[in-house]
Amino acid sequence: MFRLFHAKILGPKLHRLKPITFQIMLPPFPECCSLLFEISPRSLSISSYRCDPLLSSLLLTLKSSSSVSCCRVIHARVVKSLDYRDGFIGDQLVSCYLNKRSIPDAQKLFGEMPHKDFVSWNSLVSGFSKRGDLCNCLSVFSTIRSEMALELNELTMISVISACASAKARDEGCYLHCCAVKLGMGLEVKVVNALINMYGKFGCVDSAFKLFWAMPEQNMVSWNSMVAVWTQNGIPNEAVNYFNMMRVNGLFPDEATMVSLLQACENLHLGRLVEAMHGVIFTCGLNENITVATTLLNLYSKLGKLSVSHKVFAEISKPDKVTLTAMLAGYAMHGRGKEAVEFFERSVREGVEPDHVTFTHLLSACSHSGLVREGKYYFLIMSEVYKVQTQLDHYSCMVDLLGRCGLVNDAHQLIKNMPLEPNSGVWGALLGACRVHRNIDIGKEAAENLIALNPSDPRNYIMLSNIYSAAGMWNDASKVRALMKTKVFTRNPGYSFIEHGNKIHLFVVDDYSHPDSDKIHKKLEEIMRRIQEVGFVSETEPILHDVDVEVKTYMINKHSEKIALAFGLLDCNADKPLVIIKNLRICRDCHNTAKFVSLIEKRTIIIRDSKRFHHFSDGLCSCGDYW
DNA sequence: CTAGGGTTAG
């Protein structure tokens with residue numbers, strides 16, 4: 001297997017001409033290293049070349065390889081045969097070391113380089129920036145500023161600004177904005193773009209907005225950055241507006257525009273808009289772009305259209321690990337564990353290398369389908385066979401997998417024995433299992449840990465109180481509830497909605513705000529009566545023990561998903577599945593209701609809750625009540 | 001004369 005390579009060559013006397021780009025073939029590492037020893041020392045010491053093309057190619061490959069020792073091999077070779085301190089090679093080596101997270105190597109080499117120019121310094125800054133190492137990035141920046149202020153250019157600024165953006169370092173970011181203005185870069189397109197992105201990441205939409213409209217000329221990246229800012233800050237309709245404005249300005253959307261825009265569509269929950277965007281993607285010729293296709297695939301599966309995701313996937317010529325993971329996430333959401341496993345095996349055979357995110361979704365797919373044996377298998381072999389380190393997310397999935405199918409004690413043991421400090425994801429998975437399988441002791445421990453980790457989340461208190469109530473420990477339950485009253489919580493109210501006639505119809509609990517609400521509630525009562533006739537019994541959980549049963553039953557009968565369901569039965573086309581989206585987990589009673597309704601109304605109902613999709617038909621749910 | 005850089009995917 002050989003890898004294609006681009007290298008630029010400058011002849012000794014041709015340096016006024018444009019560089020010639022040509023391709024050379026190089027084997028991948030570590031074969032690449034042995035090749036190094038076949039290069040004659042003479043070819044390395046021709047000093048009229050600022051850099052040897054072969055050597056520069058080697059360094060380029062090194063950037064994508066993971067081995068520090070390969071770096072050192074080249075470094076040693078360079079030291080022997082060429083004065084590496086002469087600029088280019090040194091810079092390249094420094095950024096190689098930084099890419100490989102070998103900071104001491106990089107710093108040592110950098111210190112040894114006698115002819116550092118501003119490019120060398122910028123390489124160092126950008127290396128730290130890409131690694132997300134804000135601390136080192138800033139310290140190099142201040143060194144440059146104090147020792148060689150004149151050499152500071154816009155590229156230095158951009159690197160440091162983007163480091164602040166990803167680290168969400170507000171104070172430092174604002175300071176850098178001031179620096180940029182002081183140094184007269186306040187209107188440079190690239191610097192402003194970096195600032196727009198930074199303020200967007202901070203959630204300061206206003207600042208981003210002002211910068212965008214104050215800049216002398218917006219380029220493609222500026223527009224894309226603004227679309228991303230709106231999307232990332234939960235204002236998707238503005239993202240669509242800016243997309244339209246771009247087109248009015250005669251710009252055609254590119255990869256970055258479409259990716260942000262598709263995410264905006266996801267937040268607008270308008271499936272029809274996604275279909276329209278799919279059309280735009282074709283007209284712009286972006287349908288073969290892997291990044292766009294992956295976003296699209298992900299979006300369709302989140303909208304309940306797994307079959308369309310499949311079609312999008314089939315058109316991707318060379319799927320990578322991100323595409324694979326997106327597909328696995330789709331299968332997991334829809335409870336199609338078997339297919340996820342088959343798909344994973346096939347992709348691996350075809351040469352895709354999974355990473356830690358891939359395994360998170362694979363394990364989650366196993367978990368949502370009760371594939372305990374398969375889940376355990378992948379959890380065990382992932383680090384040895386696939387060289388992917390087991391992280392907290394994987395433990396959460398495993399606890400979920402074991403707990404869901406009733407192996408609560410095994411799940412508990414796994415947490416006790418895990419080498420990492422369990423986080424809220426891990427304890428939350430255990431608590432969920434304890435609630436379903438009514439395990440009080442372990443549930444109590446999980447809830448207490450959760451409250452300690454996150455005292456401002458009301459759900460944990462409610463869960464703990466519920467556990468006590470279920471066990472008849474009323475005293476403890478009221479203690480927890482008294483503790484809750486001493487705190488101020490921001491509640492996250494549940495809602496459900498349906499896309500119909502180009503609109504979103506959204507309902508909360510006991511909602512009478514819809515123009516047709518009389519009809520809807522009549523329909524709801526009718527449905528509840530009819531399903532009770534065929535054997536449906538409402539099932540209230542011990543939510544609040546001091547609320548009497550009648551009130552509880554009333555509230556549960558007015559859950560937002562039930563109202564949405566009644567609306568859908570009244571207004572939506574009977575040939576198509578009814579798709580309801582809910583922001584929280586669906587409750588057991590609503591889940592049962594949907595099963596019965598699918599039976600008596602002979603309709604397919606799809607409900608997406610915060611975790612996954614439930615496809616109801618003929619009185620059964622695709623999740624097999626496994627949730 | 002060239003390197004260093006701003007938006008986007010699971």
Side-chain angles (χ1 to χ4, degrees), chain A residues 7-19 48-51 53 56 59-60 87-95 98 117-127 129-130 151 153-163 165 185 188-198 200-201 208 218-229 231-232 253-264 266 286 289-299 301-302 309 316 319-330 332-333 352 354-362 364:
Chain A
K8 287 177 180 170
I9 284 216
L10 286 170
K13 297 214 168 144
L14 294 176
H15 57 256
R16 274 173 205 281
L17 298 177
K18 282 188 117 184
S48 4
Y49 292 93
R50 264 306 286 268
C51 80
S56 108
L59 282 164
L60 276 170
F88 180 79
I89 298 288
D91 297 347
Q92 292 276 2
L93 266 172
V94 166
S95 58
L98 283 177
D117 58 2
F118 63 97
V119 177
S120 317
W121 283 93
N122 283 351
S123 300
L124 194 65
V125 173
S126 89
S129 167
K130 278 185 193 146
E151 303 265 30
N153 68 355
E154 56 178 294
L155 294 142
T156 329
M157 286 307 298
I158 290 167
S159 288
V160 193
I161 291 170
S162 59
M185 300 172 189
E188 292 274 346
V189 186
K190 289 171 186 172
V191 176
V192 181
N193 288 342
L195 284 169
I196 289 176
N197 170 45
M198 182 188 82
K201 292 268 177 352
Q218 298 93 349
N219 69 5
M220 195 64 194
V221 179
S222 322
W223 283 99
N224 287 346
S225 302
M226 268 322 275
V227 174
V229 167
T231 306
Q232 288 164 3
D254 67 0
E255 176 184 309
T257 327
M258 283 325 291
V259 167
S260 296
L261 202 64
L262 286 171
Q263 289 175 336
E266 183 197 332
L286 289 167
N289 179 304
I290 190 162
T291 311
V292 173
T294 306
T295 314
L296 193 61
L297 174 163
N298 181 244
L299 203 51
S301 66
K302 281 184 179 165
S309 296
I316 298 175
D320 63 4
K321 64 183 168 192
V322 185
T323 323
L324 162 65
T325 309
M327 244 0 260
L328 288 179
M333 255 187 285
V352 182
D355 69 0
H356 65 110
V357 192
T358 316
F359 276 99
T360 307
H361 290 285
L362 179 63
S364 145

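Proteins get letters first, then strands, A, B, ... in listed order; numbering begins at 1 in each.
The side-chain heavy atoms of Leu299(A) and Thr295(A), taken from C-beta on, include no pair separated by under 4.5 Å.
Between Asn122(A) atom CG and dT2(B) atom C1' the separation is 14 Å, expressed in whole Å. For Trp121(A) and dA3(B), the CH2 to C1' distance is 17 Å, given to the nearest whole Å. For the pair Asn298(A) CG and dT8(B) P, the interatomic distance rounds to 16 Å; values are reported in whole Å. For Asn153(A) and dA3(B), the CG to P distance is 13 Å, given to the nearest whole Å. Distance Ile161(A) CD1 to dT7(B) C1': 14 Å, rounded to the nearest Å. Straight-line distance from the CD atom of Glu266(A) to the P atom of dA9(B): 12 Å, rounded to whole Å. Residue Leu261(A) contributes atom CG, which lies 14 Å from atom P of dT8(B) at whole-angstrom precision. Summarising the geometry, the separation between CH2 on Trp223(A) and C1' on dG6(B) is reported as 17 Å, rounded to the nearest angstrom.
Picking from dG4(B), dG10(B), dT8(B) the nucleotide with the shortest atom distance to the side chain of Val322(A) gives dG10(B). Listed nucleotides: dA9(B), dG10(B), dG6(B). Nearest to the side chain of Val189(A): dG6(B). The side chain of Val221(A) sits closest to dG6(B) out of dG10(B), dT8(B), dG6(B). Here the nucleotide nearest the side chain of Ser225(A), chosen from dT8(B), dT7(B), dG6(B), is dT7(B). When distances run from any side-chain atom of Val119(A) to the nucleotides dG6(B), dG4(B), dT8(B), the shortest one goes to dG4(B). The listed nucleotides are dA9(B), dG10(B), dT7(B); the one nearest the side chain of Thr291(A) is dA9(B). When each of dG4(B), dT7(B), dG10(B) is scored by its nearest atom to the side-chain atoms of Asn224(A), the top-ranked nucleotide is dT7(B). Checking dT8(B), dG10(B), dG6(B) against the side-chain heavy atoms of Thr294(A) singles out dG10(B) as nearest. Here the side chain of Leu155(A) is nearest to one of dA9(B), dT7(B), dG4(B), namely dG4(B).
Remark: the Asp355(A) side chain and the dG10(B) base include a donor-acceptor N/O pair separated by less than 3.5 Å. Between the side chain of Thr325(A) and the base of dG10(B) there is at least one donor-acceptor pair of N/O atoms closer than 3.5 Å.
To the nearest 0.5 Å, the span separating CD1 on Ile316(A) from CG on Leu324(A) amounts to 11.0 Å. The NZ atom of Lys321(A) sits 13.5 Å away from atom CG of Leu328(A), with the distance rounded to the nearest 0.5 Å.
Contact between the side-chain N/O atoms of Gln232(A) and the OP1/OP2 oxygens of dT7(B) is not found at any separation under 4.0 Å. For the OP1/OP2 pair of dT7(B) and a distance below 4.0 Å, the side-chain nitrogens and oxygens of Asn197(A) include at least one atom meeting the criterion. For Gln263(A), no side-chain nitrogen or oxygen approaches OP1 or OP2 of dT8(B) to under 4.0 Å. For the OP1/OP2 pair of dT7(B) and a distance below 4.0 Å, the side-chain nitrogens and oxygens of Gln218(A) include no atom meeting the criterion.
For the side-chain hydrogen bond (donor to acceptor under 3.5 Å, both in side chains) criterion with Thr325(A), the lone passing option out of Asp320(A), Thr358(A), Asn298(A), Asp355(A) is Thr358(A).
The two residues Lys201(A) and Ala165(A) make their nearest non-hydrogen contact at CB-O, 3.8 Å.
If you check every strand for non-hydrogen atoms under 4.0 Å, Glu188(A) touches nothing. Across all strands, Asp320(A) comes closer than 4.0 Å to base atoms (heavy-atom distances). Thr358(A) comes within 4.0 angstrom of a base, heavy atoms only. At the heavy-atom level, Ile158(A) lies under 4.0 Å from the strands shown only through sugar-phosphate atoms. Counting any heavy atom pair closer than 4.0 Å across all strands shown, Lys302(A) reaches no nucleic acid atom.
Side chain of Asn193(A) to main chain of Ile196(A): no donor-acceptor pair is present (N/O by atom type, distance under 3.5 Å, no hydrogens or angles). The backbone N or O of Gly200(A) sits nowhere less than 3.5 Å from a side-chain atom of Asn197(A) that would complete a donor-acceptor pair.
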